[in-house]
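Here is the structure we will look at, set down as structure tokens.
If you're wondering where the values come from, they're calculated on a predicted model, not measured in any experiment.
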Amino acid sequence: METGAAPPIRRDFLTVLCALTIMASSFGIFSNLANYRNADVISEMTRESLEMNKEQAMEKAKTSGQQGMIEKLFSGANELLDTRKQKQNNLLNMMANALTLAGGVMMFRLRRTGYGIYALGMAVWILAPLVIYGAANYMGIGMTAMLGLIGGLFLLMYSRQLKYMV
């Protein structure tokens, strides 16, 4: 009688991580698709609100240095509202979400290769703002840093679960 290796058991923490990834990635695909379709409307509505906030911030600024910083921040934010760039960002985010969704499903099935696919999706997601808006845009840099923190945490949590995957 031959005894085979016991099938791997998915840990609860891995199940939770995969469920979060699958839900977030699915939501991301659909929300980025909607944002892609409505990029011009979203840009215009947000631009009006941004102008009002800029005027209020400039009134509160006490020095010319503060005004210069406010101007730089709001010009970066204004660049984020460019319809063409928003659509590019939505497309890259949809691609990133499709990769993280595929990776999450594979890791849910305890396939180690899902981690590589997930990591590729995270890299696209993290670097998209930097690529689209450039390294001189403070808002793009800030978005990349925030996404890097979130993505890095999830990659770390998943990497701790690799030993349970085949």
- Task: List the steps, then state whether side chain to side chain contact (heavy atoms under 4.5 Å, CB included) holds for M94 with L33.
- Result: CA-CA 7 Å; M94 280 189 281; L33 181 61; 3.9 Å; yes
- Item | Criterion side chain to side chain contact (heavy atoms under 4.5 Å, CB included) on F13 and M157, from CA distance to verdict | CA-CA 9 Å; F13 187 67; M157 288 186 286; 3.7 Å; yes
- Message: The test is side chain to side chain contact (heavy atoms under 4.5 Å, CB included); show your working for Y118 and L155 and say whether it passes.
- Response: CA-CA 8 Å; Y118 179 83; L155 285 168; 3.7 Å; yes
- Go through the steps to decide whether L17 and F108 satisfy the test side chain to side chain contact (heavy atoms under 4.5 Å, CB included), and finish with yes or no. CA-CA 9 Å; L17 279 177; F108 185 80; over 6 Å; no
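I70 is connected to L81 through a chain of hydrophobic side-chain contacts under 4.5 Å among Ile, Leu, Val, Met, Phe, Trp and Tyr, so both are in one cluster. In this structure, L14 is not a member of the same hydrophobic cluster as I117, with clusters built from ILVMFWY side-chain heavy atoms closer than 4.5 Å. Tracing side-chain contacts under 4.5 Å through hydrophobic residues (I, L, V, M, F, W, Y), one never reaches I132 starting from M122; they form parts of separate clusters. One hydrophobic cluster holds both L162 and F154 under the rule that ILVMFWY side chains link at heavy-atom gaps under 4.5 Å.
Annotation: the span from R11 atom CZ to K163 atom NZ amounts to 8.5 Å, rounded to 0.5 Å. A distance of 14.0 Å separates CE of M165 from CZ of R109, quoted to the nearest 0.5 Å.
Looking only at atom types and distance, the side chain of S25 has a donor-acceptor partner in the side chain of T100 under 3.5 Å away.
Atom CG of L153 is surrounded by more than 12 heavy atoms from other residues, nucleotides or ligands within 6.0 Å. The environment of R47 atom CZ is dense: over 12 non-hydrogen atoms of other residues, nucleotides or ligands sit within 6.0 angstrom. The environment of CE in M58 is crowded: more than 12 heavy-atom neighbours from other residues, nucleotides or ligands sit within 6.0 Å. Summarising the local packing, CZ of R112 is surrounded by more than 12 heavy atoms from other residues, nucleotides or ligands at distances under 6.0 Å.
Side chain of N89 to backbone of K85: no donor-acceptor contact under 3.5 angstrom is found. Side chain of S43 to main chain of D40: no donor-acceptor pair is present (N/O by atom type, distance under 3.5 Å, no hydrogens or angles).
G114 and M107 make their closest contact through C-CG, 3.8 Å (heavy atoms, listed as atom of the first residue, atom of the second, distance).
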